[in-house]
Amino acid sequence: MTQPSLSHDLHWWQRGVVYQIYPRSFKDNTGNGVGDLQGVIEKLDYLNDGSTDPTSNDIPKSLGIDAIWLSPFYPSPMADFGYDVADYCNIHPLFGSLDTFDLLVTEAHRRGIKIIIDYVPNHSSDQHPWFIESRSSRDNPKRTWYIWRDPKPEGGLPNNWGSVFGGPAWTWDETTGQYYFHQFLKEQPDLNWRNSEVRQAMLDVLRFWLDRGVDGFRMDVIGMIIKDTKLRDNPTNPDASPDLHPDDIFGRHLHLYNEDQDEVHEVIRIFRRLLDEYGNRCAIGELWCDLPRWVKYYGENGDGLHLPFNFRLLSLPWNAEAIRQSVEQMEAALPTFAWPNYVLGSHDAQRLATRIGSKQARVAAMLLLTLRGTPTLYYGDELGMENGVIPIEKMQDPQGLHFGPDRNRDVCRTPMQWTDGPSAGFSTTDSSTSEPVEPWLPVSADFESRNVDAQSAEPTSMLNLYRRLLWYRRATPTLQAGRYMSVDAGGDDCFVYLREHPTGKCLMALNFTDQSRTLSIPNMQNGSLVISTYLDRTETVSNSTLSLRPNEGVIIRIE
Ligand code: GLC
């Protein structure tokens, strides 16, 4: 297990908290119903206004995050809402221009906010000039930049791989008489990372953004970029649910050959060397594999990703035992150089407050911001935003359109709720008609009460809980850098753990039930209860018995 470090020894991506912005949905500054980069600039003070007074007990005005990760803003036909990139080195006019991006970097840095951008190396758009060339003829120099194959000798698809978004992962190209491979939509052909020119071109993309001052990359489905050389058939997954959609070929297979191939680590090491040349930059990767394989993405000696995203808490049953086990297994699996991280929401997942309920969402906030490791917070979760209700005719997500509302990701992408005004303050009014603009996805019906303005005015709101927790974390080296230890306080309903550091100790006790619980904390020294998730009590704790109300979490600073 990793030894404690002093918080001033930590890198920004270890000490800080990442906030994910889905640019389409955060703030529309141009009045076209789609969020944009100028909108993000406008809201930077909300995220972190650069003030440095975390010691005050008042609830701070700004959230206090340290970095923003922006989902894609590149030119794109938007078949997968920007994850189909048509130009890796530009900005879609919907979102602004390179000048707007430069301004965002400057304004963010002025406030001490780091900028992490999405890098989508596995596939481009079918409208990317590289693919347009590649599909133009079999002997085009870019032909081998993508994955083209003949039908099997007996006819039919080159192998049995399925697309994540349904159906086979191969599409027939009439003009050149071959299939091309796409792990996602047919509009998202996979790049061939075994081709050295592709590698060079995609490394140049990283350089382009590093030179513009970005601090890190979130690398989309990074474990998928290298495929089996022979493109062998994937075996059937014996545990696949019988209820899968008939078209869900991907869901029926074990992904032995289409992802997580050993050679991917060599490519990641190359990325890493490049980032290290620039210094103090961060590589985060989207990965979906079991713990032993996942740990390998840190590299053999820490020369891999800084943070392979840890999504385990997203899919576990929400109970103290399951969460504790997951945390311990991860802590035990990490080599000393590896830094943990946790994700509780994203643009691909159900909203946290919908999945576990709004009361437990407060406990989840405390968990996320007090475990050892870098937390990633999804926009709107700080308000407890719930899944949006999207009428079928307004559905946009290609996954939802293919598999049906149960797998519709629009639900977690509804506009950020700023005010109780038109479009929840997300869009401006249309400059030509002065009418309120209709956002690209419907604003959730609860916006009149659940919005930044309303929750700022309510001392014990979810937003103020996040602010309080974030600023307490900023002021407390123990929470940034301290060692993690689980505490047995009796019973399986509460998760109790200690963070320990030369500068002090913090004990967290989280009640995962909707009933009161009394805990017995072994070797409890005198302490102060500094934050309750109800934000209504601070008190001295002088004995080993600790009572928690239903759905309550507390932080106790031990003297
Ligand atoms: C990642 C993204 C998801 C996207 C997919 C294809 O999983 O998070 O939103 O649809 O990759 O790029």
Side-chain angles (χ1 to χ4, degrees), residues 18 20-26 35 69-88 92 116-128 131 146-147 161-167 169 171 181-191 193 202 205 216-227 248 250-251 255 258-260 264 283-289 294 297 305 307-312 314-315 341 343-351 376-379 395-403 407-414 440-441:
V18 178
Q20 182 189 356
I21 290 180
Y22 196 68
R24 293 184 74 85
S25 304
F26 196 60
W69 149 33
L70 296 154
S71 284
F73 42 62
Y74 308 105
S76 161
M78 299 286 168
D80 187 20
F81 293 99
Y83 283 96
D84 47 324
V85 180
D87 179 353
Y88 286 102
H92 194 300
I116 299 166
I117 64 172
D118 225 302
Y119 175 63
V120 191
N122 183 65
H123 45 267
S124 71
S125 159
D126 64 346
Q127 300 305 308
H128 195 293
F131 188 70
Y146 291 84
I147 301 171
W161 298 358
S163 151
V164 173
F165 292 146
T171 286
F181 177 70
H182 51 89
Q183 189 60 85
F184 293 86
L185 296 174
K186 68 174 180 5
E187 293 85 358
Q188 295 169 292
D190 279 43
L191 283 157
W193 275 84
M202 288 302 285
V205 170
F217 299 93
R218 174 269 186 190
M219 302 184 170
D220 191 62
V221 290
I222 191 66
M224 287 180 153
I225 63 176
I226 298 278
K227 289 85 172 143
D248 194 354
F250 183 83
H255 303 130
N258 65 314
E259 60 184 59
D260 195 25
V264 73
I284 304 178
E286 186 200 11
L287 283 156
W288 304 91
C289 51
W294 173 82
Y297 284 84
L305 297 172
L307 301 174
F309 260 148
N310 170 16
F311 295 122
R312 288 177 191 84
L314 276 174
S315 52
N341 78 93
V343 179
L344 274 179
S346 86
H347 65 295
D348 294 326
Q350 301 287 305
R351 276 283 178 188
T376 298
L377 166 61
Y378 184 52
Y379 89 91
M395 221 151 92
Q396 311 256 2
D397 173 30
Q399 179 172 280
L401 289 169
H402 196 99
F403 289 126
R407 292 188 52 188
N408 182 18
R409 298 173 299 174
D410 294 335
V411 296
C412 62
R413 299 173 179 178
T414 59
W440 77 286
L441 283 175

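As the structure lists them, so they are numbered: ligands from 1, and atoms in each ligand from 1.
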### Query
About how many Å separate CG of Asp397 and CZ of Arg413, when rounded to the nearest 0.5 Å?
5.0 Å

### Task
Using only heavy-atom distances, determine whether the side chains of Tyr88 and Ser124 contain a donor-acceptor pair under 3.5 Å.
no

### Task
Tell me the residues surrounding ligand 1, counting only those with a heavy atom closer than 4.0 angstrom, sorted by chain and number.
Asp80, Tyr83, His123, Phe165, Phe184, Gln188, Arg218, Asp220, Val221, Glu286, His347, Asp348, Arg409, Arg413

### Query
For the atom pair OH (Tyr297) and CG (Leu287), what is the distance rounded to the nearest 0.5 Å?
5.5 Å

### Query
Can you name the residues that form a ring-ring contact (aromatic ring centres under 6.0 Å, His included) with Tyr379, not counting sequence neighbours?
none

### Query
Do Tyr83 and His123 have ring centres separated by under 6.0 Å?
no

### Task
Going by the side-chain contact (heavy atoms from CB on, under 4.5 Å) test, name the single residue among His347, Met395, Gln399, Gln350 that passes it with Arg409.
Gln399

